[in-house]
*Asks:* 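Can you keep this structure in mind? I'll have questions shortly.
Throughout, numbering of the chain's residues begins at 1 and tracks the sequence.
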Amino acid sequence: MIGGRQRHVLSLVAVVLAVTTAAVLINRFVLQAEWWQVDQKVTDRPAGRLADLGPPPGPVALTWQLPTAVRRSGLSPYDQVAHGVVQGQVVVVSGRGLDVRDARTGAERWHYNRSDWTLLGWAATGGHLLAYFERAGHRGDRLIAGFDAVSGRLLWRAPGEAPAVTERSSLRWPAGSGVVLTTDTGRRSLRGRSAATGKRLWTTPLPRGCELPDATAHGSGGSETLSVLSLDCDRHGRVLAIDPATGRTLWSRTLRPAEPPAVTVDGDVTAVFDGDSLRAYRRDGKEIAARLGDDLCGAMCPVVLSGDRLIMVYRQGDDRAAARRMEAIEVSSGRTVWQHDVPDYAALTVSGDRLYALRPRLAENLLPAGIDIVAPADGETTTVPAPFVVGPRMDGARPWLAAAGGLLYVAVPEVGPRQSADERRDPYPAGAARLIALRGGPGGHGPDEFGGVATADWPDACGLLRKSDLAAVRTGRYRTRPERTSVGDVPLPRPVSCRYEPDDDKGQSARALTVTVEWVAGTPQAATELLAAWRATEPLARQLMDGGDEAYEFGTSGTIAVRVGRYIVAVNAYQTPGVANRLARAVAARLPAPT
């Protein structure tokens, strides 16, 4: 017979087993169940095919736009909004999940979100999209899911699987030839899984002493034929190139710096920046270009491939303010075809026989961003204004470009929603990314470089204030320092900015004033939209009740932006917003009346 004490022990064991079993069942069938935590929409509508073509050289106009907020997850390196063009659709990737849009109209096609899970990576190959999720607060709970890219139908799930190296700036990881690359728990081998079924097709061990980092600043994610991975190998970095279809090693390079290098792959060409040099390799591993310097790229140099032309942009000196050079290199021979100086581009893309580059500013002292449309054959460039503003860099969103179907897709960072409860607690909320689709736009009576507006329409910045205006806010006499600007080969005939400096100034630069004609748009509506885009990049913006048609105070430094009809002018009184406000009203009174 079983004694009382033994019965008590057995009862406790039974209770423990019951609780444990219940916990396992709850975790499996409730916490990880699909039925309550997945928000999914699929579609049976086909996606239109997009030609490999962007807008022609000349003015551009907005077709549609979409803002996406940055989601705070507690894993700040992965709190990003990223984009891609896949199968005639635009894919918007954020911590919340996948949001897939019609590339021509921006209309929603399908989405997949998981409650209490964060999307930390994505991949695309052929007609498939892949997503990597981790359960919030439980980094050991991992999941890779595969989808039909056009319909959004879930094809397979692989719990516990992790992607190969994820690129932090785009959240993308390598996939190609219908195969997505994953890794084991120790991150010491590569696995190739079918993007259609999730079935493991091959496994390749990494070189001895090497492992895959969780993420890198830049990595290989966009080529169908070549996957190149940055490895962390004891005291040095290493680059490993493989065929994604088979897992076969094509070539590898050991690098002197200890940190894993930054990698960009386009087609069958790889660019590697290791902190000391920028090098380019063909599919067979042959080096076709090497540019030396420890400050050539920052994080990574922009690199794109157009036919047999590899186009790279890099600094010409060790100084971060040094001029940038765009260079076209013939892949087959390594010969430089052309090169010329360029601004510090925020993003590059290529489509058909055109390269598109995003300028953070159209030109010095001008508000809009600019788009350079470059012919890869000879470097001939057309520069046009964009109907948006690229503000300061913000965590979670980076400038991005793609071109297809006659449209140019641009993503730019902006501040987060201004009216949320979170903003009242935090004046610098998590930001957002605004996706903008541009088409070729109508011309005007003036040059394309100024959006078709005649250069004669631009007022003289030094003629917008009078001595009586200055005397009303400050004592003393001022001397003017005019600044002129041009876009491409087209100059403005009058000063675009005017700095007023006190004659008796003895190093007191805080008494200086600046008036800048930021932009003259083709219509008052276009000026309104551009000012709204500027406001969206400013964490602190306050609307003023008087001054022109619209007036705003930006930041706390004394900058006032005012719009009158087609004109946008900024007045900066350097830490004295009250002075700037009074002068802005005087400027607004002298701008041409709205037409």
Side-chain angles (χ1 to χ4, degrees), residues 55-67 105-106 359 361-363 365-371 373 382-391 407-408 410 412 414 434 436-461 463-464 485-488 490-494 496-497 515-538 541 543-544 546-552 554 560-571 584-585 587-595:
V60 293
L62 188 145
T63 297
W64 59 267
Q65 57 184 322
L66 175 72
T105 67
R359 292 172 174 249
R361 284 263 185 164
L362 178 66
N365 289 319
L366 297 182
L367 178 60
I371 295 169
I373 305 173
T382 300
T383 302
V384 295
F388 55 81
V389 175
V390 177
L407 299 179
L408 181 65
V410 190
V412 293
E414 62 182 27
R434 182 166 296 273
I436 302 160
L438 301 172
R439 67 180 188 279
H445 298 296
D448 289 347
E449 288 82 353
F450 289 93
V453 175
T455 58
D457 289 356
W458 289 72
D460 183 343
L464 295 176
T485 196
S486 61
V487 179
V490 181
L492 285 175
R494 291 180 282 274
V496 71
S497 184
V515 176
T516 303
V517 182
E518 297 280 354
W519 192 242
V520 179
T523 64
Q525 181 60 32
T528 296
E529 292 169 356
L530 188 63
L531 181 57
W534 186 7
R535 194 169 71 248
T537 68
E538 295 288 340
Q543 186 170 10
L544 304 177
D546 57 355
D549 297 323
E550 295 180 87
Y552 293 89
F554 290 147
I560 306 296
V562 61
R563 180 186 69 82
V564 176
R566 301 187 294 130
Y567 300 84
I568 300 174
V569 177
V571 178
R585 290 199 297 269
V587 166
R590 293 194 180 89
L591 287 168
T595 57

*Asks:* Between Pro55 and Gly440, which heavy-atom pair has the shortest distance, and what is it?
*Replies:* CB-N, 3.8 Å
*Asks:* For Pro368 versus Ala386, what's the shortest heavy-atom pair and its separation?
*Replies:* CB-O, 3.4 Å
*Asks:* Is there a side-chain contact between Ile436 and Val412 in this structure, where contact means two heavy atoms from C-beta onward sitting under 4.5 Å apart?
*Replies:*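 In contact.
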*Asks:* Any chance you could measure Gln543, atom CD, to Tyr552, atom OH, to the nearest 0.5 Å?
*Replies:*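 Atom-to-atom, Gln543:CD and Tyr552:OH are 4.0 Å apart.
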*Asks:* Can you measure from CG (Leu367) to CG (Leu531) and round to the nearest 0.5 angstrom?
*Replies:*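 Between atom CG of Leu367 and atom CG of Leu531 there are 8.0 Å.
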*Asks:* Between Thr537 and Val390, does a side-chain contact (heavy atoms from CB on, under 4.5 Å) hold up when you go through it step by step?
*Replies:* CA-CA 7 Å; Thr537 68; Val390 177; over 6 Å; no
*Asks:* Can you tell if the side chain of Leu362 reaches within under 4.5 Å of the side chain of Thr383, non-hydrogen atoms only?
*Replies:*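 Touching, per the 4.5 Å side-chain cut-off.
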*Asks:* How long is the straight-line distance from CG of Leu62 back to CZ of Arg439, given to the nearest 0.5 Å?
*Replies:*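 Answer for the CZ-CG pair, Arg439 versus Leu62, is 7.5 Å.
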*Asks:* Would you mind reporting whether Val453 and Arg566 have side-chain heavy atoms less than 4.5 Å apart?
*Replies:*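 Yes, their side chains come closer than 4.5 Å.
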*Asks:* What's the verdict on side-chain contact (heavy atoms from CB on, under 4.5 Å) for Val587 and Val571, showing C-alpha distance, side-chain angles and the deciding distance?
*Replies:* CA-CA 9 Å; Val587 166; Val571 178; 4.1 Å; yes
*Asks:* Could you walk me through whether Val564 and Val569 pass the side-chain contact (heavy atoms from CB on, under 4.5 Å) test, one step at a time?
*Replies:* CA-CA 8 Å; Val564 176; Val569 177; over 6 Å; no
*Asks:* Phe450 and Trp458: aromatic ring centres closer than 6.0 Å?
*Replies:*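 Here the rings of Trp458 and Phe450 have centres that are less than 6.0 Å from each other.
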*Asks:* Which side chain to side chain donor-acceptor pair (under 3.5 Å) pairs, counting each pair once, include a residue from residues 519-528, with sequence neighbours left out?
*Replies:* Gln525-Glu529, Thr528-Arg563
*Asks:* Would you indicate whether the side-chain heavy atoms of Asp546 and Arg585 approach each other to under 4.5 Å?
*Replies:* yes
*Asks:* Between atom OG1 of Thr516 and atom CD1 of Ile568, what is the distance when rounded to the nearest 0.5 Å?
*Replies:*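 Between atom OG1 of Thr516 and atom CD1 of Ile568 there are 12.5 Å.
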*Asks:* Asp549 side chain to Gly565 main-chain N or O, any donor-acceptor pair under 3.5 Å?
*Replies:* yes
*Asks:* Should Pro459 and Val520 count as side-chain neighbours, where that means a heavy-atom distance under 4.5 Å?
*Replies:*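 With C-beta onward as the side chain, the pair touches.
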*Asks:* Flag the pair Trp534 / Phe388 as yes when their ring centroid distance falls below 6.0 Å, and as no otherwise.
*Replies:*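 No, the ring of Trp534 stays outside the 6.0 Å limit from the ring of Phe388, centre to centre.
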*Asks:* Over all heavy atoms of both residues, which pair between Val490 and Pro447 is shortest? Give the atoms and the distance, please.
*Replies:* CG1-CG, 3.9 Å
*Asks:* Side chain to side chain contact (heavy atoms under 4.5 Å, CB included) with Pro387: which of Val410, Leu438, Leu530?
*Replies:*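 When Val410, Leu438, Leu530 are each tested with Pro387, the side chain to side chain contact (heavy atoms under 4.5 Å, CB included) holds only for Leu438.
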*Asks:* First locate atom CZ of Arg590, then atom CG of Leu464, and finally report the distance between them rounded to the nearest 0.5 Å.
*Replies:*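 Rounded to the nearest 0.5 Å, the CZ-CG separation comes to 8.0 Å.
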*Asks:* Find the distance between CG (Asp457) and CG (Leu492) and round it off to the nearest 0.5 Å.
*Replies:* 10.5 Å
*Asks:* Return the minimal non-hydrogen interatomic distance between Ala588 and Gly548, and the atom names on each side.
*Replies:*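 In terms of heavy atoms, the two residues are closest at CB-N, 3.7 Å.
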*Asks:* Is the closest basic N to carboxylate O distance between Glu518 and Arg361 below 4.0 Å?
*Replies:*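 Yes.
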*Asks:* I want to check something: taking the side chain as every heavy atom from C-beta on, are Glu414 and Pro67 in contact at a cut-off of under 4.5 Å?
*Replies:*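 Yes, close enough: below the 4.5 Å cut-off.
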*Asks:* Tell me, do Leu544 and Ile560 make a side-chain contact under 4.5 Å, heavy atoms counted?
*Replies:*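 Answer yes - side chains close enough.
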*Asks:* Report yes if some heavy atom in the side chain of Val515 is under 4.5 Å from a heavy atom in the side chain of Ser497; otherwise report no.
*Replies:*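 With C-beta onward as the side chain, the pair stays apart.
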*Asks:* If you take all heavy atoms of Val487 and Ala363, which pair is closest and at what distance?
*Replies:*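 Answer, listing the atom of Val487 first, then Ala363: CG2-CB, 4.0 Å.
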*Asks:* Could you tell me which non-hydrogen atom of Gly58 sits nearest to which non-hydrogen atom of Val384, and how far apart they are?
*Replies:* O-CG1, 3.3 Å
